[in-house]
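The structure under discussion appears below in the form of C-alpha coordinates.
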Amino acid sequence: ESGLRDELSTLRGTFPELTDTMIFDYAHTRLDATLTGLAESLSGGEAGGLTLLDQASVENVLRGLIAALDAPEPGEEQDFDQGGGGGGGGQQGGPQPLIPPIAELQMLRTLQQDVYDRTRAAEQAGLGGDVAERLGDEQGALAEQARALLEALQDQQTPQPQMPAPEVGE
(Lines give C-alpha, C1' and ligand atoms only; values in the text may rest on other atoms or scores of the structure.)
Protein backbone atom coordinates (compact mmCIF):
# COMPACT_ATOMS: atom_id res chain seq x y z
CA GLU A 1 0.00 0.00 0.00
CA SER A 2 2.85 2.37 0.78
CA GLY A 3 4.53 1.56 -2.53
CA LEU A 4 1.34 2.30 -4.45
CA ARG A 5 0.95 5.56 -2.53
CA ASP A 6 4.52 6.52 -3.46
CA GLU A 7 3.90 5.69 -7.13
CA LEU A 8 0.76 7.82 -7.21
CA SER A 9 2.64 10.68 -5.56
CA THR A 10 5.37 10.41 -8.20
CA LEU A 11 2.73 10.40 -10.92
CA ARG A 12 1.19 13.60 -9.53
CA GLY A 13 4.64 15.21 -9.46
CA THR A 14 5.39 14.14 -13.02
CA PHE A 15 2.03 15.29 -14.38
CA PRO A 16 0.94 18.37 -12.41
CA GLU A 17 -2.02 18.67 -14.79
CA LEU A 18 -3.61 15.90 -12.72
CA THR A 19 -4.02 18.36 -9.88
CA ASP A 20 -5.22 21.20 -12.11
CA THR A 21 -8.66 19.61 -12.22
CA MET A 22 -10.63 19.58 -9.01
CA ILE A 23 -12.14 16.10 -9.30
CA PHE A 24 -8.89 14.37 -10.24
CA ASP A 25 -7.06 16.25 -7.50
CA TYR A 26 -9.77 15.21 -5.03
CA ALA A 27 -9.53 11.58 -6.19
CA HIS A 28 -5.74 11.55 -5.77
CA THR A 29 -5.98 13.23 -2.36
CA ARG A 30 -8.54 10.65 -1.27
CA LEU A 31 -6.41 7.81 -2.60
CA ASP A 32 -3.42 9.16 -0.68
CA ALA A 33 -5.38 9.32 2.58
CA THR A 34 -6.94 5.89 2.07
CA LEU A 35 -3.61 4.26 1.21
CA THR A 36 -1.98 5.90 4.25
CA GLY A 37 -4.71 4.49 6.49
CA LEU A 38 -4.45 1.07 4.86
CA ALA A 39 -0.69 0.94 5.30
CA GLU A 40 -1.07 1.79 8.98
CA SER A 41 -3.86 -0.78 9.48
CA LEU A 42 -2.04 -3.56 7.68
CA SER A 43 1.28 -2.88 9.39
CA GLY A 44 -0.61 -3.07 12.71
CA GLY A 45 -2.03 -6.45 11.77
CA GLU A 46 -5.58 -5.21 11.17
CA ALA A 47 -7.47 -6.74 8.27
CA GLY A 48 -11.11 -6.25 9.22
CA GLY A 49 -14.15 -5.16 7.26
CA LEU A 50 -13.07 -1.53 7.00
CA THR A 51 -9.72 -2.57 5.55
CA LEU A 52 -11.47 -4.63 2.90
CA LEU A 53 -13.79 -1.73 2.07
CA ASP A 54 -10.86 0.62 1.72
CA GLN A 55 -8.91 -1.79 -0.49
CA ALA A 56 -11.94 -2.20 -2.76
CA SER A 57 -12.30 1.57 -2.86
CA VAL A 58 -8.68 2.07 -3.95
CA GLU A 59 -9.18 -0.46 -6.72
CA ASN A 60 -12.43 1.18 -7.88
CA VAL A 61 -10.98 4.69 -7.88
CA LEU A 62 -7.85 3.59 -9.75
CA ARG A 63 -9.99 1.84 -12.36
CA GLY A 64 -12.10 4.99 -12.62
CA LEU A 65 -9.04 7.19 -13.13
CA ILE A 66 -7.80 4.93 -15.90
CA ALA A 67 -11.20 4.78 -17.60
CA ALA A 68 -11.70 8.55 -17.40
CA LEU A 69 -8.25 9.23 -18.84
CA ASP A 70 -8.64 6.69 -21.62
CA ALA A 71 -8.46 8.68 -24.83
CA PRO A 72 -11.78 8.76 -26.72
CA GLU A 73 -11.96 7.27 -30.17
CA PRO A 74 -11.89 9.75 -33.09
CA GLY A 75 -15.28 11.44 -33.38
CA GLU A 76 -16.39 10.26 -29.94
CA GLU A 77 -15.96 13.70 -28.36
CA GLN A 78 -18.45 15.13 -30.82
CA ASP A 79 -21.16 12.94 -29.29
CA PHE A 80 -20.96 15.12 -26.16
CA ASP A 81 -21.01 18.41 -28.11
CA GLN A 82 -24.68 19.30 -28.03
CA GLY A 83 -24.64 22.67 -29.70
CA GLY A 84 -21.23 23.16 -31.12
CA GLY A 85 -22.13 22.79 -34.79
CA GLY A 86 -20.97 25.42 -37.19
CA GLY A 87 -17.26 25.54 -36.58
CA GLY A 88 -16.75 25.01 -32.85
CA GLY A 89 -18.05 28.29 -31.53
CA GLY A 90 -16.70 27.78 -28.01
CA GLN A 91 -13.19 26.84 -29.05
CA GLN A 92 -10.46 29.42 -28.79
CA GLY A 93 -7.95 27.48 -30.85
CA GLY A 94 -5.67 27.04 -27.84
CA PRO A 95 -4.39 23.76 -26.53
CA GLN A 96 -6.98 21.40 -25.16
CA PRO A 97 -6.66 20.54 -21.47
CA LEU A 98 -4.98 17.26 -20.62
CA ILE A 99 -8.13 16.26 -18.75
CA PRO A 100 -11.29 17.33 -20.58
CA PRO A 101 -14.47 18.19 -18.65
CA ILE A 102 -16.14 14.93 -19.70
CA ALA A 103 -13.35 12.99 -17.97
CA GLU A 104 -13.98 14.94 -14.78
CA LEU A 105 -17.67 14.12 -14.97
CA GLN A 106 -16.86 10.44 -15.50
CA MET A 107 -14.53 10.48 -12.50
CA LEU A 108 -17.14 12.23 -10.39
CA ARG A 109 -19.60 9.48 -11.23
CA THR A 110 -17.02 6.83 -10.31
CA LEU A 111 -16.40 8.49 -6.94
CA GLN A 112 -20.13 8.75 -6.27
CA GLN A 113 -20.64 5.08 -7.12
CA ASP A 114 -17.70 4.11 -4.92
CA VAL A 115 -19.11 5.88 -1.86
CA TYR A 116 -22.53 4.37 -2.55
CA ASP A 117 -21.09 0.86 -2.87
CA ARG A 118 -19.05 1.20 0.32
CA THR A 119 -22.06 2.56 2.21
CA ARG A 120 -24.16 -0.44 1.21
CA ALA A 121 -21.34 -2.88 1.96
CA ALA A 122 -20.74 -1.30 5.38
CA GLU A 123 -24.43 -1.57 6.19
CA GLN A 124 -24.57 -5.22 5.09
CA ALA A 125 -21.44 -6.03 7.10
CA GLY A 126 -22.87 -4.32 10.17
CA LEU A 127 -19.90 -2.00 10.54
CA GLY A 128 -20.28 0.56 13.30
CA GLY A 129 -21.25 4.19 13.47
CA ASP A 130 -17.69 5.41 12.96
CA VAL A 131 -17.67 3.92 9.46
CA ALA A 132 -21.09 5.41 8.70
CA GLU A 133 -19.90 8.81 9.94
CA ARG A 134 -16.76 8.62 7.80
CA LEU A 135 -18.77 7.66 4.72
CA GLY A 136 -21.23 10.47 5.43
CA ASP A 137 -18.33 12.93 5.58
CA GLU A 138 -17.05 11.59 2.25
CA GLN A 139 -20.50 11.96 0.71
CA GLY A 140 -20.66 15.57 1.90
CA ALA A 141 -17.18 16.35 0.56
CA LEU A 142 -18.03 14.73 -2.75
CA ALA A 143 -21.26 16.73 -3.00
CA GLU A 144 -19.22 19.91 -2.48
CA GLN A 145 -16.80 18.83 -5.22
CA ALA A 146 -19.74 18.20 -7.56
CA ARG A 147 -21.17 21.67 -6.86
CA ALA A 148 -17.80 23.30 -7.50
CA LEU A 149 -17.34 21.34 -10.74
CA LEU A 150 -20.79 22.31 -12.00
CA GLU A 151 -20.11 25.97 -11.21
CA ALA A 152 -16.78 25.80 -13.05
CA LEU A 153 -18.39 24.16 -16.07
CA GLN A 154 -21.16 26.77 -16.11
CA ASP A 155 -18.58 29.55 -15.93
CA GLN A 156 -16.82 28.04 -18.95
CA GLN A 157 -20.09 28.03 -20.88
CA THR A 158 -21.07 31.61 -20.02
CA PRO A 159 -20.31 33.83 -22.99
CA GLN A 160 -17.86 36.58 -22.27
CA PRO A 161 -19.28 40.11 -22.63
CA GLN A 162 -18.21 41.70 -25.86
CA MET A 163 -17.34 45.31 -26.37
CA PRO A 164 -19.81 47.16 -28.60
CA ALA A 165 -18.52 47.89 -32.06
CA PRO A 166 -17.37 51.47 -32.51
CA GLU A 167 -19.92 53.62 -34.23
CA VAL A 168 -19.06 54.73 -37.70
CA GLY A 169 -19.07 58.51 -37.82
CA GLU A 170 -20.31 60.71 -40.65
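These numbers come from a predicted model, not from an experiment. Throughout, numbering of the chain's residues begins at 1 and tracks the sequence.
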Out of curiosity, does L105 fall in the hydrophobic cluster containing L111 (side-chain heavy atoms, cut-off under 4.5 Å, transitive links)?
yes
What is the distance from atom CG of D117 to atom CG of L135, rounded to the nearest 0.5 Å?
11.0 Å
Short side-chain to backbone donor-acceptor contact, E104 and I99, under 3.5 Å:
no
Can D130 and R134 be counted as an ion pair, charged N to O under 4.0 angstrom?
no
Nearest-0.5 Å distance, CD1 of residue I66 to CE of residue M107
10.0 Å
Does L31 belong to the same Ile/Leu/Val/Met/Phe/Trp/Tyr cluster as L53, with side-chain heavy atoms less than 4.5 Å apart forming each link?
no
Do R147 and E144 meet the salt-bridge criterion of a basic N to acidic O distance under 4.0 Å?
yes
Report the distance from atom NE2 of H28 to atom OG1 of T21, rounding to the nearest 0.5 Å.
8.0 Å
Between T29 (side chain) and D25 (backbone), is there a donor-acceptor pair under 3.5 Å?
yes
Rounded at 0.5 Å granularity, tell me how far CG in L52 sits from OG in S57.
12.5 Å
Supply the atom-to-atom distance N60 CG to Q113 CD, rounded to the nearest 0.5 angstrom.
8.5 Å
Give, for atom CG of D54 and atom OG1 of T34, the distance between the pair rounded to the nearest 0.5 Å.
5.5 Å
Indicate if V131 and L35 have the same hydrophobic cluster label, given that clusters are the connected sets of ILVMFWY residues with side-chain heavy-atom separations under 4.5 angstrom.
no
Quick one: do the Y26 and R30 side chains pair a donor with an acceptor below 3.5 Å?
no
